[in-house]
Amino acid sequence: MEDFRKWAKTAPCGWNSWDCFGAAVNEKQLIENADYMAKNLKQYGWEYIVCDIQWYEPKACSNDYNNFTELCMDEYGRLIPAENRFPSSKDGQGFKPIADYIHSLGLKFGIHIMRGIPRQAVHKNTPIFGSEKTARSVAHHFSVCSWNTDMYGMYNCEGAQDYYNSIINMYASWGVDFIKCDDICVTEFRKWDNPYSADYEIEMLRKAIDNCGREIVLSLSPGPAPRDKAEHLCKNANMWRLTGDFWDLWEHLYPMFDKCKEWEGVTGEGNYPDCDMLPIGRISKLCSYHGERNRMSNFTKAEHYTLMSLWGIFKSPLMIGGNMPENDDFTLSLLQNEEYMLMHKTAQNAREIDRCEVNGKGYIIWSAESDKYKYTAVFNTDDKPLTMDSKIENAYDIWQKITISADSLEIEPHGARLLKTEK
């Protein structure tokens, strides 16, 4: 059997619908973003279009969840797209028409799922496809998500693997290339349950994907993932979240330096600690979520450089959060930066090499290298400009797109300079 790590030789780069459309994304929006990516970003290495949570809920209309609402489901308890939001899914086609279209653009298609089995399936006691067991016999009624009412977790019992096999095989038949599984990777869970969100369910997902006949990248959420589970994560997933939902606030961005330091050295081919999405461009179109509704990112221009530089040099997966057709020129310039994307693809051994701060204000320096180049990211964590006395010779500034030689480096408040030098 082929090692699943080879299915993601570089950290995945794409777009996810959550930051802009929340639980209410529809087919038209998926297609518009796929068309935009194919035209403007594919040539730079962006390739995934990921439909996030609640695609099976007819009444979803914002970032909020409708508790215990009716979900679209087949006779085997498998969730299927809501036809009012995804009309091409009619007649049992599922996401295959959308996936086929996205593949025709030279891109890949992904979906979000929740850990476990729908409560609705358990209440109806549906049969499990390919099993003698039923939904009720595998459901763990105390293993429930604290923020979403759709699912029960499952026991480590006969029939549970059959259920995961049944949904993964269905997704594979649709042409799904990427699965983001939620409520399955977090340090703080529930006092009466396994704090790792039932590691056997992660292993069931891994087994189901390995045997479905399709290369599917597996992403685990929400985080923070426990650092002492790194070996288990590397054996079972391609990427896993280091934090809860990340939004466009310095208060969210600054702690990521600690998270990246904590996971330093774990990244390898097919295994990527995930700093979460890039909340840039037009976000929160449907509700006020950590800021004004329908806003451009709250990050300053300097903070954009810090966000992109840290995610890039750390080699985190890159998932754009904004509605791409509404990108402004600055946002697009970040995503079309060839030198940045080359660093993200080829650099290795990312590490913090210096940190000098007082009360969270000062500077942090990260470094990485490829076969030909050394990359250095210098971050100003202060709320005032920083001048660093440092001899710089023939360094290429990736964001400013100029070669510099100087005796000092100027960095804006909360900003970053990302430099490339020949080895």
Side-chain angles (χ1 to χ4, degrees), residues 10-11 13 40-41 43-46 246 248 250 252-254 256-257 260 275 277-281 296-322 324 327-347 350-355 362-370 372-423:
T10 58
C13 297
N40 298 285
L41 298 177
Q43 61 269 41
Y44 298 92
W46 303 90
F246 177 84
D248 50 330
W250 178 252
H252 282 202
L253 178 52
Y254 178 71
M256 295 308 296
F257 289 105
C260 291
C275 293
M277 290 167 55
L278 301 169
I280 60 177
M296 295 299 287
S297 177
N298 280 325
F299 283 135
T300 66
K301 186 174 182 179
E303 289 167 348
H304 275 80
Y305 290 139
T306 290
L307 168 72
M308 297 297 292
S309 298
L310 182 59
W311 267 232
I313 202 164
F314 181 68
K315 214 176 183 69
S316 170
L318 302 176
M319 289 290 165
I320 302 161
M324 292 188 293
N327 280 345
D328 58 13
D329 290 342
F330 174 66
T331 303
L332 183 58
S333 73
L334 298 173
L335 305 176
Q336 290 183 331
N337 189 304
E338 292 180 348
E339 291 292 342
Y340 173 80
M341 296 302 290
L342 178 65
M343 177 194 72
H344 182 256
K345 182 177 181 180
T346 63
R351 60 206 179 276
E352 179 188 284
I353 60 172
D354 195 10
R355 185 167 187 167
Y363 67 83
I364 302 172
I365 303 176
W366 275 71
S367 179
E369 60 269 342
S370 66
K372 295 182 179 180
Y373 302 107
K374 178 181 178 180
Y375 296 95
T376 305
V378 186
F379 302 95
N380 177 11
T381 58
D382 208 335
D383 52 12
K384 59 184 180 182
L386 171 68
T387 299
M388 287 195 66
D389 294 328
S390 179
K391 184 71 173 178
I392 301 169
E393 295 183 357
N394 295 321
Y396 183 78
D397 187 313
I398 287 176
W399 295 125
Q400 303 306 317
K401 297 184 177 182
I402 57 173
T403 299
I404 59 174
S405 294
D407 294 325
S408 63
L409 198 63
E410 305 288 335
I411 310 175
E412 294 181 85
H414 295 179
R417 301 291 292 272
L418 185 59
L419 306 177
K420 180 187 80 169
T421 55
E422 291 188 2
K423 295 175 68 174

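Put simply, the side chain of Q336 never gets that close to the backbone of Y44: no donor and acceptor are under 3.5 Å apart. With hydrogens and angles disregarded, a donor-acceptor distance shorter than 3.5 Å links the side chain of H344 to the backbone of S316. Checking side-chain atoms of D329 against main-chain N and O of S333 turns up no donor-acceptor pair under 3.5 Å.
In this structure, the side chains of C260 and L310 come closer than 4.5 Å at one or more pairs of heavy atoms. Contact check for P279 versus H252: no side-chain heavy atoms found under the 4.5 Å cut-off. Using a 4.5 Å heavy-atom threshold, the side chains of F314 and M256 count as separate.
Taking both residues in full, the closest heavy atoms of R355 and Y254 are given as NH2-OH, 3.2 Å, listed atom of the first, atom of the second, then distance. Residues K315 and A347 share a closest heavy-atom pair of NZ-O, 3.1 Å. In plain terms, the two heavy atoms of K345 and T10 that are nearest each other are CG-CG2, 3.6 Å.
Under the side-chain contact (heavy atoms from CB on, under 4.5 Å) rule, M308 has a single partner from N337, L278, L418, I313, which is L278.
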Got a list of side-chain donor-acceptor pairs under 3.5 Å for residues 397-409, not counting sequence neighbours?
unit_1 : atom_1 : unit_2 : atom_2 : d
D397   : OD1    : W399   : N      : 3.1
D397   : OD1    : Q400   : N      : 2.9
D397   : OD2    : R417   : NE     : 2.7
D397   : OD2    : R417   : NH2    : 2.9
W399   : NE1    : S309   : OG     : 2.8
S405   : OG     : N394   : N      : 2.9
D407   : OD1    : K391   : NZ     : 3.1

Mind running side chain to side chain contact (heavy atoms under 4.5 Å, CB included) on W250 and N298 for me, showing each step along the way?
CA-CA 9 Å; W250 178 252; N298 280 325; over 6 Å; no
For salt bridge (charged side-chain N to carboxylate O under 4.0 Å, His left out), just list the numbers for K423 and E369, CA-CA rounded to whole Å, side-chain angles, deciding distance to a tenth of an Å, and then say yes or no.
CA-CA 8 Å; K423 295 175 68 174; E369 60 269 342; 5.8 Å; no
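Between the CG atom of D248 and the CE atom of M296 there is a distance of 10.5 Å, given to the nearest 0.5 Å. Atoms CG and OH, from L342 and Y375 in turn, are 4.5 Å apart once rounded to the nearest 0.5 Å. For the atom pair CG of L335 and CG of N327, the computed distance is 6.0 Å after rounding to the nearest 0.5 Å.
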